[in-house]
Each structure stands twice: as structure tokens, then as C-alpha cells.
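Here is the structure we will look at, set down as C-alpha cells.
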There are 2 protein chains.
Amino acid sequence: MTTTSDVPHLTFGNLDEAIAELRRQGLRLSTVRRLILQALFAADGPVSAEYVARDLTLDVASVYRNLETMERHGLVRHVHLGHGPGLYALVGGGEHEYLFCERCGAVRVLSPSELDPVRTGIKQRFGYTASFTHFPIVGMCADCDDVHSRSPAQM
Amino acid sequence: MTTTSDVPHLTFGNLDEAIAELRRQGLRLSTVRRLILQALFAADGPVSAEYVARDLTLDVASVYRNLETMERHGLVRHVHLGHGPGLYALVGGGEHEYLFCERCGAVRVLSPSELDPVRTGIKQRFGYTASFTHFPIVGMCADCDDVHSRSPAQM
DNA sequence: ATACTTGCAAATGATTTGCCAGTGT
DNA sequence: ACACTGGCAAATCATTTGCAAGTAT
């Protein structure tokens, strides 16, 4: 599986901005919260609560609780790429919509503007204002499409 | 919450066709399987395993097992509309892609051709061949968009 | 007759909640 | 000081698996 987002996950310019926002939201800055933000900031894509907890030797429950709190306050967001746990990422600067290849697992992270033309088409045809932040656009990436049409072997 | 699919969920022309396909797949027709197919056929949209089990007084495990088997054989498919259990529907004639309003819960069921223009746009821009059968297009339906822009009250 | 299916119980994975001790402001 | 937060245990929800008895072909 290839991750097409070579650019490190764009979020707040730096950790301090995220922390500032957290305070602006009236949230306390606990050690655990700082650690979680650091972890999300360092990650090169969305990660599971379990991963964060294990990585930092924190209780998963605390991690879930904090992610949920920070999500309610707009600092964090989670996606579902297929089955398995939800994956969390910092909200911030740029990218938070997803294309997911169900064959190889490739995740392409996009900034909203990149999907605006698609969104416009959907709005015009169906009247829905679509968002691909919580569920990705699922499909087959170009590489897998090729492989797939060359070899008749089904997935 | 409004279900925009007024037309009964299109699948196989009738139950017998689904059963014929089941046999063609080398699967046995047990009482439980017939009941499940009937239930899916009668439903006006995708339903949870739990719902089917409760409705028919069957064990959820059996229902899951059968749905999974039939899904592997292409008779059935499941979607995730938000959190909560997966929702199952018969595959067949027509409609099995979804638009889901995350505000009011409205589900609009579409046949693939209706989303082909959207798919084409995605293919051209990103090289992905998208499918909205497993995850819907999530967004805000026209009604909710209106309400939302009129009243500043957030969801 | 044989292989596949069933219900029931128990296991698993993801996430949530209750509770009391500890910490941020 | 006081309200919020952390860890730990237990609960909950969705789904899966093991197993012995029952059923379809």
C-alpha cells in the first residue's frame, strides 16, 4: 500500500497554534492533551486512538475521551477508511478530505479546494453539499485499475 | 428524517430470481436464508442484521453469517451510513449507491448511472474509479442546507 | 450419508462510562 | 479551592467464532 501524500500532513503551522486554539476554546492544557496533539502533529496521516495510546503509554479511554473533546471543539477530526478503527487527525491549515483505494489501501489526502469541482457537480445534480472528511471517496486508484484490467484475477 | 427513495428499493425482479441466483452460486436454500432474502426484499432500504434478526426471531449470529455468505457471492451488499451497524440490501436490478444527509439522516438511493458523471469527474482529476456503495456520499441535503443558512443554529 | 447450517455461548474489537484519585488554573 | 482530567475496571455495541445438534441435497 502506497501513501500518495508525500507532503507531511498539513495542519496548524505548528503545535503552539493548535495549543493556542485549544485554550481559545476554553480547554485546559493537560500533559496528556499536549502529548496527543504532538502525536497527531507528528503523524503523516490520520491515526487510530489505539496507536496514539500505545505510542505514548496512555490509557485508550483517556485518548478517546480527549480526541472526542477536541473533536467537539473543532481541533481534531476522524475518518473511517474501510472497516477497523476510526482514524484521527488535527484539523488546521489544509488537507482533510480523503481518497481511499479499497484494493491496495492507498490513501490520498486532499485539501477541500481540490474536491470543489466534484462537490459542485454533486450540488448541481442532487442538491447535496458533500463532504469527504468523515467517509472518504472509496474506489480503485489508477495503479490498481491498471493491474486489475491486465490480470483477470479478481480481488 | 426523510427518505428520498419513494420508489421501493429496486433489486431482483422478484424473490425467485434472487433464490435462483443463490442456487446458481452453489448455495443451499435454507429456511433462514429464504426468510432473510424475503426480509431484504420487503425492506424499502438497507437494514441492519439486528433488525432482520429481531424481525424474524432469528439468532443475530446466523443472520450475520448468512449475510456475509451471500455478500461474498454477490447477492447482498452492505453500506455504512454514519456510525452504527452496517446496513444490508439485496443486490440486483438497480439502485445501490447512496447519498446521506448527516443533518437529518435522509438517505437517497441511486442507481450507478446517476452518479456516473460524478465518477467521471473523479476519474479524470484523480485517476480513481469511485464507488459509493460501501460508503455513501455524505453531506447536507438541500432542505437542511436551506434551514441551516436561515437559522444560525449549528448542528 | 454427508456436508452445510443453526442456535447458543463465549470471544473479539472498538468505543464508552463510572468512579475516585490527581492536576490545571 | 474547584472544576476538570487521568487511569483503571467494567459496560456497551457491532461482529465473529467454536461447537454440538439439526437440515438440505
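Per chain, numbering begins at 1; letters A, B, ... match sequence-line order.
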Exercise for the section: Kindly state whether the ring of B:His134 and the ring of A:His80 have centres lying under 6.0 angstrom apart. Expected result: no

Problem - Atom pair distance, as rounded to whole Å: CG in A:Asp59 and P in C:dC19 - result: 17 Å

Fill in the blank from the handout: When rounded to whole Å, the CZ to C1' distance for the pair A:Arg33 and C:dT25 reads 13 Å

Fill in the blank from the handout: For DNA chain C, consecutive-pair runs of 3 or more (Watson-Crick or G-U wobble, both H-bond-type distances under 3.5 Å) give C:1-10 with D:16-25, C:12-14 with D:12-14, C:16-25 with D:1-10

Exercise for the section: Provide, to the nearest angstrom, the distance between the CD atom belonging to B:Glu68 and the P atom belonging to C:dT6. Expected result: 13 Å

Exercise for the section: Whole angstrom is fine here: how far is it from CG in B:Leu56 over to C1' in C:dG7? Expected result: 15 Å

Problem - Among C:dT6, C:dG7, C:dT15, the one nearest B:Asn66 by side-chain distance - result: C:dT6

Exercise for the section: Locate the shortest heavy-atom distance separating B:Val32 from B:Asn66; write the atom from each residue and the value. Expected result: CG1-ND2, 3.5 Å

Exercise for the section: Assign B:Ala49 to base, sugar-phosphate, or nothing according to its heavy-atom contacts below 4.0 angstrom with the strands shown. Expected result: nothing

Problem - chain B footprint on DNA chain D, 5' to 3' - any atom under 4.0 Å from a heavy atom - result: D:dA14 to D:dT25

Practice task
Mind listing the closest non-hydrogen atom pair of B:Val109 and B:His96 along with its distance?
Solution key: CG1-N, 4.4 Å

Handout entry: Interatomic distance where OH belongs to B:Tyr64 and C1' belongs to C:dC8 [whole Å]
Key = 17 Å

Exercise for the section: Measure across A:Ala89 and A:Tyr98 and return the closest heavy-atom pair with its distance rounded to 0.1 Å. Expected result: CB-OH, 4.0 Å

Practice task
For B:Met70 and C:dC4, give me the distance from atom CE to atom P, rounded to whole Å.
Solution key: 17 Å

Exercise for the section: Give B:Arg65 one of three labels, base, sugar-phosphate or nothing, depending on what nucleic acid heavy atoms sit under 4.0 Å from its own. Expected result: base

Exercise for the section: Can you tell me the distance, in whole Å, between the CG atom of B:Leu35 and the C1' atom of C:dT5? Expected result: 14 Å

Practice task
Measure up the B:Tyr64 and B:Tyr88 rings against each other and bin them: parallel (under 30°), tilted (30 to 60°), perpendicular (over 60°).
Solution key: perpendicular

Fill in the blank from the handout: Taking every heavy atom of B:Ala130 against every heavy atom of B:Ile122, the minimum-distance pair comes out as CB-CD1, 4.0 Å

Practice task
Would you kindly compare B:Ser62 and B:Pro85 by the position of their nearest DNA chain D nucleotide and give the one closer to the 5′ end?
Solution key: B:Pro85

Problem - Members of residues 23-31 of chain B that approach DNA chain D, where some heavy atom sits under 4.0 Å away - result: B:Arg23, B:Arg28, B:Leu29, B:Thr31

Completion exercise
Correct closest heavy-atom pair for B:Pro136 and A:Phe135 would be CD-CD1, 3.7 Å

Exercise for the section: Answer yes or no: is there a side-chain heavy-atom contact under 4.5 Å between B:Arg72 and B:Thr69? Expected result: yes

Handout entry: Closest-nucleotide ordering on DNA chain D, the 5'-leading residue of B:Gly84 and A:Leu58
Key = A:Leu58

Problem - B:Arg24 bridged to B:Glu21 by N-O distance under 4.0 Å - result: yes

Practice task
In whole angstrom, give the distance that lies between atom NE2 of B:His80 and atom C1' of C:dA14.
Solution key: 13 Å

Fill in the blank from the handout: Value for CD (B:Glu97) from CD1 (B:Ile137), rounded to nearest 0.5 Å, stands at 7.5 Å

Practice task
Measure the CD-NE2 distance between A:Glu71 and A:His78 for me, rounded to the nearest 0.5 Å.
Solution key: 5.5 Å

Problem - Heavy-atom pair with the smallest gap, counting every atom of B:Val107 and B:Phe100 - result: CG2-CD1, 3.8 Å

